[in-house]
Q: 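Pasting in a structure now, in structure tokens, and then I'll have a few things to ask.
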Amino acid sequence: MGRLLALTLAYLAYLLATAICSERRQHHVQHGLCSYTFILPELEHCHPLKDLQVSNTLQSDSPPEAEPDTSQAREKHNQRPSWQETKLENLESAMENNTQWLQKLENFIQENVRSGMEEIKRTAVHTQTAAMLEMGTNLLSQSAEQTRKLTDVETQVLNQTSRLEIQLLEYSLFTNQLEKHILLQTQEISRLSDKNSFLEERLLALEARYGKELHGLQSEKQQLQELLEKQSKLVSQLQGELGSSTLNSTTLQRQQAVLTDTVQQLLAMVNHCNGAVQKEKSLSFRDCSEILRAGFKESGVYSIRLANSTQIVKVFCDMRTRGGGWTLLQHRRNGSVDFQRGWRDYKTGFGEPAGEHWLGNDIIHKLTNSQEYSLHIQLKDGAGNEAFSHYDRFYIDGEDRNYSLHAEGFSGTAGRTSSLSVTGSQFSTKDRDNDRCTCKCAQLASGGWWFDACGPSNLNGMYYPASSSVVRYNGIKWYYWKGPNLQASLTAMMVRPTDF
Ligand SMILES: *[C@@H]1O[C@H](CO)[C@@H](O)[C@H](O)[C@H]1NC(C)=O
Ligand SMILES: *[C@@H]1O[C@H](CO)[C@@H](O)[C@H](O)[C@H]1NC(C)=O
Ligand SMILES: *[C@@H]1O[C@H](CO)[C@@H](O)[C@H](O)[C@H]1NC(C)=O
Ligand SMILES: *[C@@H]1O[C@H](CO)[C@@H](O)[C@H](O)[C@H]1NC(C)=O
Ligand SMILES: *[C@@H]1O[C@H](CO)[C@@H](O)[C@H](O)[C@H]1NC(C)=O
Ligand SMILES: CC(=O)N[C@H]1CO[C@H](CO)[C@@H](O)[C@@H]1O
């Protein structure tokens with residue numbers, strides 16, 4: 001290499017020397033793509049440099065002497081074209097040699113350059129490699145760091161994963177336990193349901209059994225109830241018998257009372273005969289209300305004794321109407337008794353207490369003045385319609401005042417206003433006219449009554465029970481109930497203490 005480089009340098013020096021000494025004559029050679037221009041030297045002015053040493057490869061193409069050389073060149077130009085031609089040929093060949101040499105050189109240079117380039121390249125690669133190595137080292141360290149971090153992360157992940165796995169394991173264990181538990185519970189439940197169904201069956205059986213028993217008991221109960229009803233009937237029957245026997249005993253008592261009465265009367269007669277006076281004590285009822293209070297609840301005829309008197313009076317007691325206890329003053333129901341009577345009869349009374357009768361004005365006076373009485377009048381017409389008139393306070397004066405009437409506190413269904421004569425009306429009969437009419441009401445209307453100017457009432461008039469179109473003015477009259485012609489089938493006047 002060093003040799004080649006020296007060669008190249010020698011040649012280049014040569015070329016330089018020739019170029020300095022050359023004249024301006026050029027020669028062109030085309031070799032391939034490359035073109036070479038050679039400037040040929042002017043030989044007259046130029047001598048080869050004495051210090052110029054040419055290597056063995058470089059040869060001068062001129063003779064060693066300078067003069068012949070210069071003359072040769074002159075000949076070439078002028079006198080000796082043949083020599084010049086040879087010289088030219090020499091030159092040409094030399095040039096060709098040079099060209100070849102150059103080619104070689106070029107090749108060599110190219111080769112060298114290539115190798116150099118390769119070396120350069122190699123160097124560059126080395127440098128790059130170093131850089132790359134450094135970078136790689138860096139990268140390696142970085143990647144190592146990353147790897148470490150990754151490892152850490154992985155470790156952590158693994159840790160987490162293992163933790164999670166552990167947890168999962170625990171959970172699965174827990175789940176297993178739960179499943180076992182649930183299984184146990186399910187078994188328990190099925191066991192319980194079995195037991196329950198068994199109990200239900202037993203319950204049903206028991207229900208069936210007890211239902212039968214219940215049925216039996218119910219039928220028994222029904223039988224007992226029937227028995228009870230029978231017993232009740234029996235009891236009521238017995239009660240009825242007891243009632244009738246009581247009645248029997250009452251009747252007996254009454255009979256006994258009558259007997260006692262008779263005995264006492266006989267005794268009284270005996271005593272009278274003996275001159276001794278004995279007061280009666282056994283009969284002390286003043287009216288029917290006292291009899292009722294004494295426990296006699298059957299309507300009928302009883303004996304009463306008037307206050308401050310020894311007189312015993314038989315009266316009919318109504319024990320049903322409005323609570324009972326009524327003493328009848330007047331009673332008409334079938335027209336069997338004649339009420340066309342005079343003063344005296346009305347004064348003492350007539351008829352029978354059990355049938356139609358008038359109690360008598362003296363008795364009525366004594367009774368209604370012994371205490372406060374209310375008056376109740378019951379009426380029934382031929383068609384069966386019933387009505388009543390009620391007076392809270394009723395009494396009559398004595399005979400010295402012609403039995404004047406006193407009645408107040410009217411109420412009732414037999415007319416809106418009272419049909420009874422006004423207070424103060426005196427009693428009149430066909431033979432004692434005390435009315436306020438110029439006529440004789442008792443004669444016109446018949447019977448005895450408290451006629452005013454004849455007035456709107458007369459319960460002691462003629463008894464005409466059968467309905468008739470004929471208007472009779474002397475019949476039983478209660479004007480404000482049925483007008484002038486009542487045609488009553490029943491009348492009753494009765495008194496009871498106001499404070500009953
Ligand atoms: C997981 O990491 C925790 C702390 O972060 C540590 O206490 C524990 O021991 C680790 N577990 C495993 C299995 O590495
Ligand atoms: C009541 O007397 C009547 C006859 O007076 C009689 O037939 C009847 O059996 C008696 N009743 C009782 C319960 O004694
Ligand atoms: C009227 O009744 C009484 C008592 O009930 C009775 O004794 C009498 O025979 C009856 N007279 C007539 C005519 O119906
Ligand atoms: C009965 O007699 C007594 C005393 O003699 C007398 O105070 C009383 O008013 C008399 N009663 C009647 C209703 O006459
Ligand atoms: C009662 O009637 C008679 C006649 O019937 C009469 O003379 C007498 O004055 C009357 N008495 C009174 C208190 O009005
Ligand atoms: C002019 C000149 O020097 N020609 C030489 C070229 O090279 C060949 C051999 O390589 C020589 O024989 C010639 O004399």
Side-chain angles (χ1 to χ4, degrees), residues 286-290 304-313 315-316 326-332 339-351 353 357-377 389-412 417-443 445-461 477-479 491-500:
R286 284 192 295 175
D287 57 22
C288 290
S289 69
E290 288 187 354
I304 60 169
R305 191 161 59 91
L306 297 172
N308 287 354
S309 164
T310 55
Q311 189 184 357
I312 290 168
V313 182
V315 294
F316 189 88
W326 296 100
T327 308
L328 265 76
L329 310 180
Q330 187 252 31
H331 203 187
R332 303 188 76 177
F339 275 67
Q340 282 286 94
R341 292 173 184 252
W343 187 263
R344 196 175 168 74
D345 281 351
Y346 275 100
K347 175 183 161 72
T348 56
F350 54 88
H357 76 115
W358 179 260
L359 187 60
N361 287 341
D362 280 345
I363 298 167
I364 292 170
H365 160 69
K366 283 179 182 166
L367 185 66
T368 59
N369 281 275
S370 66
Q371 57 179 314
E372 289 196 354
Y373 279 90
S374 53
L375 172 71
H376 193 77
I377 295 172
S389 287
H390 187 87
Y391 300 87
D392 291 334
R393 178 89 174 90
F394 166 77
Y395 71 94
I396 59 170
D397 294 328
E399 190 176 14
D400 54 335
R401 294 192 172 190
N402 295 328
Y403 309 115
S404 295
L405 177 73
H406 299 271
E408 53 194 37
F410 167 77
S411 63
T417 54
S418 173
S419 296
L420 199 61
S421 303
V422 293
T423 289
S425 299
Q426 297 183 358
F427 201 81
S428 296
T429 54
K430 57 183 178 185
D431 52 351
R432 289 279 289 268
D433 179 27
N434 299 321
D435 60 35
R436 297 177 194 167
C437 179
T438 49
C439 63
K440 290 188 174 175
C441 293
Q443 286 182 5
S446 87
W449 195 249
W450 299 273
F451 297 105
D452 187 29
C454 293
S457 62
N458 176 18
L459 296 183
N460 291 334
K477 185 163 76 171
W478 203 253
Y479 185 84
T491 72
M493 296 173 69
M494 42 196 175
V495 292
R496 188 173 69 181
T498 307
D499 56 5
F500 178 76

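Just so it is clear, the structure is predicted and the values come from calculations on it, not from any experiment.
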Q: So, using side-chain contact (heavy atoms from CB on, under 4.5 Å) as the criterion, who are the partners of P497 when residues are at least two apart?
A: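 Applying side-chain contact (heavy atoms from CB on, under 4.5 Å) to P497 gives D287, S289, Q371, Y373, D499.
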
Q: Distance from W449 atom CH2 to D435 atom CG, nearest 0.5 Å?
A: 14.5 Å

Q: Could you measure the distance from the OG1 atom of T429 to the CD atom of Q340? Nearest 0.5 Å is fine.
A: 10.5 Å

Q: About how many Å separate OG1 of T491 and CD1 of I377, when rounded to the nearest 0.5 Å?
A: 9.0 Å

Q: Name all residues meeting the salt bridge (Lys or Arg N to Asp or Glu O under 4.0 Å) criterion together with R496; count only those two or more places apart in sequence or in a different chain, and write none if there are none.
A: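 By the salt bridge (Lys or Arg N to Asp or Glu O under 4.0 Å) rule, R496 matches no residue at all.
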
Q: Counting N and O atoms only, with roles assigned by atom type, does the side chain of R332 sit under 3.5 Å from a partner on the main chain of G461, one being a donor and the other an acceptor?
A: yes

Q: Return the set of residues passing ring-ring contact (aromatic ring centres under 6.0 Å, His included) with F500 (not counting sequence neighbours), or none when no residue passes.
A: none

Q: Quick one: are S428 and N434 in side-chain contact, heavy atoms under 4.5 Å?
A: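 S428 reaches N434 side chain to side chain.
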
Q: For the atom pair CG (N402) and CG (N361), what is the distance rounded to the nearest 0.5 Å?
A: 10.0 Å

Q: For D345, what residues pass the side-chain contact (heavy atoms from CB on, under 4.5 Å) criterion, not counting sequence neighbours?
A: R341, F350

Q: When you compare the side chain of L367 with that of L306, does any pair of heavy atoms fall below 4.5 Å?
A: yes

Q: In a check of ring pair (Phe, Tyr, Trp, His ring centres under 6.0 Å) between Y403 and each of W343, Y346, F451, which one passes?
A: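 Among the candidates, only W343 passes.
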
Q: Under the rule for salt bridge (Lys or Arg N to Asp or Glu O under 4.0 Å), what residues qualify as partners of R393, not counting sequence neighbours?
A: E372

Q: Return the set of residues passing salt bridge (Lys or Arg N to Asp or Glu O under 4.0 Å) with K347 (not counting sequence neighbours), or none when no residue passes.
A: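 Partners of K347 by the salt bridge (Lys or Arg N to Asp or Glu O under 4.0 Å) criterion, ordered by chain and then number, come out as D362, E399.
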
Q: As an exercise, state the distance from CG of L329 to NE2 of H376, rounded to the nearest 0.5 Å.
A: 12.5 Å

Q: Give the minimum heavy-atom separation between G424 and S404, together with the two atoms involved.
A: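 In this case the closest contact between G424 and S404 is O-OG, 3.8 Å.
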
Q: Verify whether one side chain among E408 and T423 offers a donor that lies under 3.5 Å from an acceptor in the other.
A: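 No, no side-chain donor-acceptor pair sits under 3.5 Å.
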
Q: Could I get the full list of side-chain hydrogen bond (donor to acceptor under 3.5 Å, both in side chains) partners for S418, not counting sequence neighbours?
A: Y391

Q: D392: what forms a side-chain contact (heavy atoms from CB on, under 4.5 Å) with it, not counting sequence neighbours?
A: H390

Q: Give a yes or no answer on whether the side chain of T348 reaches the backbone of R344 with a donor-acceptor pair at less than 3.5 Å.
A: yes

Q: Mind checking side-chain contact (heavy atoms from CB on, under 4.5 Å) for S425 and listing every partner two or more places apart, or none if nothing turns up?
A: S421, V422, W450, D452

Q: List for me each residue that meets side-chain hydrogen bond (donor to acceptor under 3.5 Å, both in side chains) alongside S374, sequence neighbours excluded, and say none if there are none.
A: none

Q: So do F339 and N458 actually touch side chain to side chain, heavy atoms under 4.5 Å?
A: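 Contact flag for N458/F339 side chains = no.
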
Q: Kindly write out the residues that satisfy side-chain hydrogen bond (donor to acceptor under 3.5 Å, both in side chains) with H357, not counting sequence neighbours, or none if the list is empty.
A: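 Once residues adjacent in sequence are excluded, H357 has no partner under the side-chain hydrogen bond (donor to acceptor under 3.5 Å, both in side chains) criterion.
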
Q: With no hydrogens and no angle check, just 3.5 Å: does a side-chain donor-acceptor pair link W478 and S389?
A: yes

Q: Under 3.5 Å, side chain of Q443 to main-chain N/O of K430, donor-acceptor pair present?
A: yes

Q: Using the test side-chain hydrogen bond (donor to acceptor under 3.5 Å, both in side chains), find all partners of D397 that sit at least two apart in sequence or belong to another chain.
A: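 Residues passing side-chain hydrogen bond (donor to acceptor under 3.5 Å, both in side chains) with D397: H406.
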
Q: Measure the CG-NZ distance between N460 and K477 for me, rounded to the nearest 0.5 Å.
A: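 Going from the CG atom of N460 to the NZ atom of K477 covers 13.0 Å.
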
